[in-house]
Trainee: 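Got a structure here, written out as structure tokens. Questions coming.
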Amino acid sequence: IITCSSGTPFNITSTSDHSYTMKNTATAEKVDYALYSDNAGASELSTTPIPGTGTGSAEVIPIYGKVTARALSQASPGDYSDTVTLTVAY
């Protein structure tokens, strides 16, 4: 959720040199993933910012995560988590 002053343009990005890894909450197992600004997974968030213009109200900005089929097939069942820091430039 982002709130920017009405009419204020902004861009949301992730760090371009960051490798994202989720950790199984019960074990030490890790699974790599990437963040995207589109559901199709064509625009990686580290290279393609999400542009927007503030409305003065809270806005939900969708961000998509994608795990490769290989990584997913090797991951054991469980709950995985990670903390992600994004940059909002306005």
Side-chain angles (χ1 to χ4, degrees):
I1 297 176
I2 185 170
T3 304
C4 285
S5 300
S6 182
T8 302
F10 63 84
N11 282 301
I12 301 172
T13 58
S14 67
T15 306
S16 61
D17 60 352
H18 184 75
S19 174
Y20 294 103
T21 304
M22 295 184 285
K23 184 179 175 198
N24 187 310
T25 58
T27 70
E29 185 176 7
K30 296 179 180 180
V31 175
D32 292 334
Y33 67 98
L35 295 177
Y36 295 87
S37 58
D38 65 317
N39 190 28
S43 300
E44 193 165 345
L45 192 56
S46 63
T47 57
T48 308
I50 299 173
T53 302
T55 63
S57 298
E59 299 177 68
V60 174
I61 309 294
I63 296 172
Y64 305 90
K66 184 176 182 181
V67 176
T68 65
R70 180 174 184 220
L72 189 59
S73 70
Q74 295 175 350
S76 60
D79 294 325
Y80 290 78
S81 69
D82 190 18
T83 299
V84 175
T85 301
L86 301 176
T87 301
V88 179
Y90 59 94

Trainee: For a quick test of reading the model, state the closest non-hydrogen atom pair linking T8 to Y90 and the distance between them.
Mentor: CG2-CB, 4.0 Å
Trainee: Indicate every side-chain donor-acceptor pair of residues 58-76 with a distance under 3.5 Å to a residue at least two apart or in another chain.
Mentor:
{"from": "E59", "atom 1": "OE2", "to": "T55", "atom 2": "N", "distance (Å)": "3.4"}
{"from": "T68", "atom 1": "OG1", "to": "A71", "atom 2": "N", "distance (Å)": "3.1"}
{"from": "S73", "atom 1": "OG", "to": "A69", "atom 2": "O", "distance (Å)": "3.4"}
{"from": "S73", "atom 1": "OG", "to": "R70", "atom 2": "O", "distance (Å)": "2.8"}
{"from": "S76", "atom 1": "OG", "to": "E29", "atom 2": "OE1", "distance (Å)": "2.3"}

Trainee: Just wondering, do L86 and L45 contact through their side chains at under 4.5 Å, heavy atoms?
Mentor: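 In contact.
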Trainee: By ring-ring contact (aromatic ring centres under 6.0 Å, His included), which residues pair with Y80, not counting sequence neighbours?
Mentor: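 Listed in chain order: nothing, the list is empty.
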Trainee: For residues 31-38, dump all side-chain donor-acceptor pairs below 3.5 Å to protein atoms at least two apart in sequence or in another chain.
Mentor:
{"from": "D32", "atom 1": "OD1", "to": "T21", "atom 2": "OG1", "distance (Å)": "2.8"}
{"from": "Y33", "atom 1": "OH", "to": "D82", "atom 2": "OD2", "distance (Å)": "2.6"}
{"from": "S37", "atom 1": "OG", "to": "S43", "atom 2": "O", "distance (Å)": "3.3"}
{"from": "D38", "atom 1": "OD1", "to": "A42", "atom 2": "N", "distance (Å)": "3.2"}
{"from": "D38", "atom 1": "OD1", "to": "S43", "atom 2": "N", "distance (Å)": "2.8"}
{"from": "D38", "atom 1": "OD2", "to": "A42", "atom 2": "N", "distance (Å)": "3.1"}

Trainee: Could you tell me whether the side chain of S14 reaches within less than 4.5 Å of the side chain of Y20, counting heavy atoms only?
Mentor: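 Y20 vs S14: side chains touch.
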